[in-house]
Structure formats: C-alpha cells, structure tokens
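The structure under discussion appears below in the form of structure tokens.
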There are 2 protein chains.
Amino acid sequence: MNPKTGRSTIRQVASAAGVSTQTVSRVINGRPDVSADTRRRVQTVIDELDFRPSALARSLISQRSYTLGVVTSGLRHTGPSRTLSGITESASEAGYALLLEELPRFDMDDPTSIFHALLARHVDGVIWAVPEVGNNRSWSARLPEGLQLPIVYLTMEPRQNISVVSINNYMGGRLAMAHLIEQGYRYIGHITGPLDWWEARQRMAAWKDAIQEAGMDACAECWAEGNWSSASGAAAAKKLFDRFPKIDSIFVGNDQMALGVLSATPDIGSKAAERLGIVGFDNIPESAYFRPALTTVQQDQFNVGKVAVEEITRMIDSSWQGQEPTEPKSIMLSPSLIVRSSSRRLQNGEGEISK
Amino acid sequence: MNPKTGRSTIRQVASAAGVSTQTVSRVINGRPDVSADTRRRVQTVIDELDFRPSALARSLISQRSYTLGVVTSGLRHTGPSRTLSGITESASEAGYALLLEELPRFDMDDPTSIFHALLARHVDGVIWAVPEVGNNRSWSARLPEGLQLPIVYLTMEPRQNISVVSINNYMGGRLAMAHLIEQGYRYIGHITGPLDWWEARQRMAAWKDAIQEAGMDACAECWAEGNWSSASGAAAAKKLFDRFPKIDSIFVGNDQMALGVLSATPDIGSKAAERLGIVGFDNIPESAYFRPALTTVQQDQFNVGKVAVEEITRMIDSSWQGQEPTEPKSIMLSPSLIVRSSSRRLQNGEGEISK
DNA sequence: GTGAAAGCGCTAACAT
DNA sequence: ATGTTAGCGCTTTCAC
C-alpha cells in the first residue's frame with residue numbers, strides 16, 4: 001500500500017504472490033496462458049490487498065483511455081441535461097468513463113482550449129453536445145488535419161465530412177402545423193426561439209412553408225421572436241394580438257414560451273385570445289398540466305445522447321482496428337406530436353393522442 | 001508526432017531544441033532555473049510542434065490528477081442538473097477536470113463499483129451529488145479506513161465525521177408555513193414528496209411543527225404523500241379535499257406537484273378549492289407563469305454545486321500539504337421565500353416579494 | 001543553468 | 001506457463 005494514495009501496485013501483488021508482474025498482468029486481463037493454480041494464488045493476493053489496476057498507467061501504455069470527452073452547455077435547461085443523461089447511461093454500458101466540460105456560453109467560436117484539456121487526458125473521442133448557435137460551429141471545418149480524434153456533433157445542421165446526430169426540428173414544425181390546419185385554424189401565427197439558434201430557424205421554416213403551401217398568405221408576417229423564456233412568450237403573444245387581431249392560433253417555439261402565452265391570454269381579454277389554438281415544442285413534463293393542457297411536439301433528447309454514444313464508440317472501434325476512419329454520417333431522429341386540449345376546436349375532454 | 005495519436009512528446013521537443021527533456025519540463029512548468037535564451041528556443045519548438053504535455057503521464061508521476069469524480073443521479077430533474085452546472089463552473093475555475101458518473105437509481109446502497117472506477121482513474125476527490133433516499137447513505141459510515149480520498153456529500157442529513165453541503169429544507173418549510181399563517185390561512189394541509197427522501201421528510205417536519213406551534217390541531221392529519229410528479233400532486237389534492245373539505249391552503253412539497261394541484265382545483269368544483277392558498281418548493285422557472293402565479297420556496301441548487309467544489313478543493317489542498325485531514329464540516333445553505341399570487345388572501349396584483 | 005539516471009504503474013515483445 | 005527487458009510520457013533526484 002502506498003500510504004499516500006491508499007493504493008497497492010502490481011509489483012506488491014507480484015512479490016506477495018511470488019510471481020512476476022507480468023503474470024499478475026495476465027491474471028487481471030483474463031489472459032488464457034496462466035495455470036489454474038497460479039491464477040488462483042494471484043487472485044487471492046489481489047483480493048487480500050484490494051488491488052485494482054491503475055487505469056492511468058494502462059491508458060498511458062495502451063494509448064487508449066476508454067474515456068469520452070463530453071462538451072455541453074446550458075445544463076440548467078432540460079434539453080442539454082436529458083441528452084447528457086442519455087450519454088451517461090450508454091457510456092456506462094459501453095464501458096467508457098466521461099470527462100465533462102460545460103461551456104459558459106453557447107456561442108463560443110474557439111474550442112481550442114477545450115480540446116487541449118480533453119486531449120491532454122487522452123480521451124478516445126468527443127461528443128460535442130452544444131446546440132448550434134450563431135457561428136459556433138464554423139471551426140469544425142478547419143480542425144487540424146492531423147487530429148486523429150473521432151468527434152460526434154449534436155443538434156446542428158448536417159455538414160459534409162462530419163458526424164451529426166440531431167432531432168428533425170423541421171419535421172416537428174410540420175407536424176405541429178399540419179395538426180393546426182387539420183383542426184380548422186386559418187390564421188396561424190408563430191413565436192420563434194432566438195433566431196441565431198439553428199433549431200429555432202428550422203421550426204420557423206416549417207411554419208413558413210406550411211403557411212405558404214396552405215395558401216394562408218394573410219398570416220405570412222404574423223410572427224415574433226422570443227428567447228425561449230416564458231416571459232418572452234407572454235410578450236410576443238401580446239405583440240401578435242396587437243398587430244394581428246384576427247389570429248386564431250399560434251405555433252410556439254417551445255413549451256416554456258407557450259406557457260407564457262397561456263398566462264398572457266386572460267389579460268388580452270378578447271374572445272379570440274380565449275379560444276386561441278396553441279401548439280408548443282419539447283413536451284416538458286409540466287406541459288400536460290398546463291390549463292389548457294398543451295399540445296406539443298415531443299423530442300426524445302435522451303435518445304440523442306444514446307445514439308451519440310453508439311456512433312462515437314463505433315468510430316473509435318473502427319479507427320482502433322487500423323481501418324480507415326468510417327464515413328461520417330448524419331442521423332436525424334424523428335419527433336412526434338402529442339395532442340392535448342390546447343389545440344382542439346372541439347374541446348372534447350383531456351385525453352392524449354400521440355401520432 | 002506519433003502518427004497514431006497525433007501527439008508530440010517531450011522527447012521530440014527536446015531533441016528538436018537541442019536540449020534535454022528535463023529542460024523542456026522546466027520550461028513547460030515555468031521553473032525559474034532556465035536561461036532566457038534557452039527558454040525562448042524551447043518555447044518556439046513547443047509552438048511549432050504544437051506540443052502539449054500529457055496530463056496522464058503527469059498524474060501518474062505526481063500522484064495528483066487534478067480530476068474530481070462527480071456522482072449524480074436523475075439528471076433529467078432540474079435540481080441535480082443545476083447542481084452539476086454549479087460544479088462544472090467552479091471546477092473549471094479551480095483548474096479541475098470532472099469525471100462524471102450517473103447512478104441509474106437514487107437508492108443504490110453499494111457504491112463500491114463506482115468508487116473503484118473513479119479510483120482507477122486517480123481522482124483527487126469525489127463529490128457525491130446524489131440526494132439521500134432510503135438508506136442509500138448507510139455505507140458512508142463504513143468506508144475503508146485506509147481510503148485517503150476526500151469526499152463531499154450533497155443533500156443529506158449532516159452526520160459525524162463527513163463533509164456535507166445541503167439546503168436547509170426544514171427552514172424552507174418554516175418560511176412557507178409562516179407566510180401562510182401570516183396570510184390568515186387556518187387549515188393548512190401538506191402534500192409531501194416521497195417520504196423515503198430526506199428532503200421530503202424535512203419539509204414535512206417543518207409543516208408539522210408549524211401546525212403544532214400555531215395550535216392548528218384540526219389539520220394535523222391533513223396530509224398526503226406524492227412522488228414529486230404533477231400527476232401525484234393532482235391526485236393528492238383530490239384526496240385531501242375529499243377527506244378535509246374545510247382545507248383552505250396547502251403547502252406542497254415541490255412546484256411540479258403544486259402545478260398538479262392547480263390543474264385539479266377546477267374539477268373539484270368547491271369555492272374553497274377556488275380560493276385555495278398554495279405554496280410550492282423549488283422555484284422552477286415556470287412557476288412564475290402558472291395561473292395563479294405560484295408562491296414558492298427558492299433553493300439555489302447551482303450554489304450547492306459551487307460550495308461543494310470549494311469544499312473539496314480545500315480538503316484536497318490540505319491533505320496534499322501533508323496536513324492532517326481537515327475537520328469534516330456540514331454546510332447548510334438557506335432557501336428564501338418568493339411570494340406570488342397563489343398564496344395571497346387579498347389578490348392584489350402579480351408583483352413578487354422575496355424575503 | 002543544464003543533464004543523466006531512475007521510476008510512476010502498467011503492458012508488449014520476446015525470451016525460456 | 002512464466003519471466004525479462006524495454007518503454008508509454010513525464011518529473012524527481014542528484015550530479016556537474
């Protein structure tokens with residue numbers, strides 16, 4: 001036992017068992033070429049000394065750490081933390097440890113220091129779990145050629161030559177719009193997230209395209225920008241009602257802003273506001289208990305994390321087998337629509353329908 | 001450059017600069033005993049080769065990794081993820097990397113495998129950021145003596161000989177109750193979180209003590225157990241109204257269950273239900289936009305994470321300086337009350353008051 | 001001010 | 001089936 005670290009070494013085990021360190025190494029790695037007798041003897045000493053091999057020393061010599069770098073941002077939001085949770089679950093199953101970095105801001109355009117920190121600790125791969133905001137991805141195209149590091153990017157516009165896992169936000173927006181139109185709404189507004197966010201732009205594009213395809217030109221300008229917060233949703237709703245009194249429904253960029261809209265409608269005081277059709281995005285746990293219960297687009301962010309780990313481990317394994325790096329590929333996961341009362345012209349109960 | 005890892009070594013730098021590895025080591029560690037000239041020459045080569053020292057090799061020899069183990073659970077909930085966010089921010093400032101583990105369940109009574117994984121990677125300390133549930137802390141008293149590992153526990157009942165950082169949940173409950181009583185409510189019920197949670201029991205104890213001290217014996221049995229979810233809050237509210245029609249207010253164990261109560265009151269259909277006073281716990285961002293806006297107890301979980309990092313780094317530093325381990329201490333952080341409309345007998349507007 | 005030798009804890013490659 | 005030698009990338013002596 002090293003008195004400073006409380007750790008025993010392979011050498012202590014070896015000498016206590018009367019064998020070489022190499023034999024101990026063979027035992028702890030489950031190699032076949034050890035006699036049953038020796039193995040038993042060594043294992044006994046290992047248990048007695050509570051010896052556990054240093055992953056550090058192993059990483060150093062094998063040049064493989066079984067550690068993944070995870071870069072996230074905005075953990076206080078449900079999206080990033082659910083994704084992180086998916087990552088921890090899958091990584092643990094796959095036998096990888098996780099080195100976590102959280103960016104203080106979403107829009108960091110120079111990731112050099114982050115990569116240095118991760119590379120210094122020999123991570124086998126990196127999951128860049130920061131949503132695309134502004135041009136916080138421009139650097140991905142000009143990473144050094146020599147960088148032999150598998151990277152999977154999350155929640156961004158697919159690009160050439162990199163691996164991406166995202167939820168199809170455009171599709172989510174189309175689901176929301178198709179539902180509102182089917183319900184008979186004819187003057188559909190939109191409250192966007194901050195438009196430097198890729199996800200917000202995708203949802204808005206879906207709204208715009210659906211409006212156009214349905215020939216609802218009258219509402220083409222009927223939108224306002226929010227910042228994901230309930231306060232901004234309430235403010236945007238008031239602005240929309242001011243400028244477009246005929247509005248009969250709103251596709252809102254996320255559930256928090258939709259809650260802001262719900263809280264603002266009584267103050268607006270018009271009948272239209274009372275009957276307003278609303279669809280949100282995210283399906284946060286609270287949204288089923290809003291009054292009225294919120295129709296929303298569900299995205300499985302936990303699964304984004306799981307898929308990201310599958311991808312990165314695949315990339316690591318294949319590069320480790322000396323193969324050419326695998327073709328980078330983009331994976332788009334599909335959201336689904338959860339119908340509740342906030343979007344029903346016929347207010348028939350509170351049941352939920354998922355499509 | 002090692003073609004496999006894309007990494008250059010100290011030896012390559014040394015030979016390119018025509019010095020020994022020792023001199024390079026002195027330069028990268030900012031030691032004074034290098035001539036200005038040599039230092040400049042070595043630094044140039046370092047930049048050219050984009051050399052960055054391996055933290056792994058350094059950790060191995062110095063027996064110090066500047067890495068913290070963080071064990072969390074339930075990241076999809078706002079509490080744990082906000083705490084984690086506080087940890088990432090402080091750790092980054094303090095120059096520590098973070099090795100993250102998420103337990104699949106809150107009630108894990110044998111942490112051995114987790115500690116093994118962290119110790120194998122030579123973490124300098126561990127932050128156990130899992131709330132106390134059931135007897136998932138009983139092991140803390142019987143950790144091996146020889147374990148020279150600083151540990152800070154979060155969100156648990158203070159105990160002898162260990163370091164704890166928690167929010168004072170009892171105090172939070174008393175704040176909520178004092179406010180309701182001051183507002184003139186006289187029949188105050190309680191919806192608890194799951195009672196195997198320490199936090200839930202603390203909040204309940206505060207309710208019980210306040211009831212007793214105020215001489216409100218009539219409501220002493222007027223409580224029901226929930227499971228933190230909105231659904232359980234709604235169910236508990238109906239049960240309470242059934243059994244105690246005179247109830248005029250409820251202290252609810254968290255904001256999500258309080259939302260469930262709000263969603264259920266219209267269905268109950270009594271006048272008492274309409275005027276029900278409600279106080280929640282947590283101050284989730286949505287609660288200001290509930291209808292009515294929710295009075296609640298705010299707890300700064302982000303700060304719990306920050307304080308935990310301060311504590312663990314202090315413990316690490318002092319053990320590193322060869323001193324006796326510092327006295328374990330318990331830190332209790334104070335919550336505060338956010339008053340909104342859900343608890344005002346006089347419904348005078350929506351302003352917020354924090355005390 | 002600089003370098004040589006030894007070693008952190010482990011494993012790969014080659015013995016025997 | 002087991003041991004020996006060398007070395008992963010760095011730092012700590014202790015020379016000079």
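Between A:S330 and A:P158, the shortest heavy-atom contact is OG-CB, 3.3 Å. Closest non-hydrogen pair, B:F51 versus B:S8, comes out as CD1-O, 3.1 Å. The nearest pair of heavy atoms linking B:L60 to A:S54 is CD1-OG, 4.3 Å. Closest non-hydrogen pair, A:S65 versus A:D124, comes out as N-OD1, 3.1 Å.
Here the P atom of nucleotide D:dG3 and the CD1 atom of A:I10 are 12 Å apart, to the nearest Å. Put simply, CG on A:L56 is 12 Å from C1' on D:dC8, counting in whole angstrom units. The distance from atom CD1 of A:I61 to atom C1' of D:dG9 is 11 Å, rounded to the nearest whole Å. A straight line from CD1 of A:I28 to P of C:dA12 spans 11 Å, rounded to a whole angstrom. Rounded to whole Å, the distance from CG on A:L60 to C1' on D:dT11 is 13 Å. Between the CG atom of A:L119 and the P atom of D:dG9 there is a distance of 14 Å, rounded to whole Å. For the pair B:R11 CZ and D:dA6 C1', the computed distance is 11 Å after rounding to whole Å.
The side chain of A:V19 sits closest to D:dG3 out of C:dG9, D:dG3, D:dT11.
Residue-to-nucleotide contacts include a donor-acceptor pair under 3.5 Å from the side chain of B:R26 to the base of C:dG3. Residue A:Q22 places no side-chain atom within donor-acceptor reach of the base of C:dT11, judged by atom type and a 3.5 Å distance cut-off alone. For A:R52 and C:dG9, a side-chain-to-base donor-acceptor distance below 3.5 Å is absent, hydrogens and geometry of angles not being considered.
Between C:dT11 and A:R58, a contact under 4.0 Å exists linking OP1 or OP2 to a side-chain N or O. Using a 4.0 Å cut-off, some side-chain N or O of B:Q63 falls inside it from OP1 or OP2 of C:dG9. Dashed line: the shortest gap from a side-chain N or O of B:S25 to OP1 or OP2 of D:dT11 is under 4.0 Å. In this structure, A:T23 reaches the D:dG3 phosphate: one of its side-chain N or O atoms is under 4.0 Å from OP1 or OP2. One finds a side-chain N or O of B:S20 lying less than 4.0 angstrom from the OP1 or OP2 phosphate oxygen of C:dG3.
Taking a 6.0 Å sphere around CZ of B:R64, one finds it holds more than 12 heavy atoms contributed by other residues, nucleotides or ligands. The number of heavy atoms from other shown groups lying within 6.0 Å of OH (B:Y96) is above 12.
For the helix from C:dG1-D:dC16 to C:dT16-D:dA1, the angle separating the two terminal helix axes comes to 40°, with each axis derived from five pairs and the value rounded to 10°.
Interface residues of residues 29-46 of chain A facing DNA chain D, ordered by number: A:D33, A:V34, A:S35, A:T38; criterion, heavy-atom separation under 4.0 Å.
A salt bridge between B:D33 and B:R31 is absent, with no side-chain N of the basic residue lying under 4.0 Å from a carboxylate O of the acidic one.
Under the 30°/60° scheme for interplanar angles, the aromatic rings of A:W139 and A:W128 are found to stand perpendicular.
When B:V24, B:D37, B:D47, B:I28 are each tested for a side-chain contact (heavy atoms from CB on, under 4.5 Å) with B:V42, only one passes: B:V24.
Between A:T38 and A:V27, the closest side-chain pair of non-hydrogen atoms is not below 4.5 Å.
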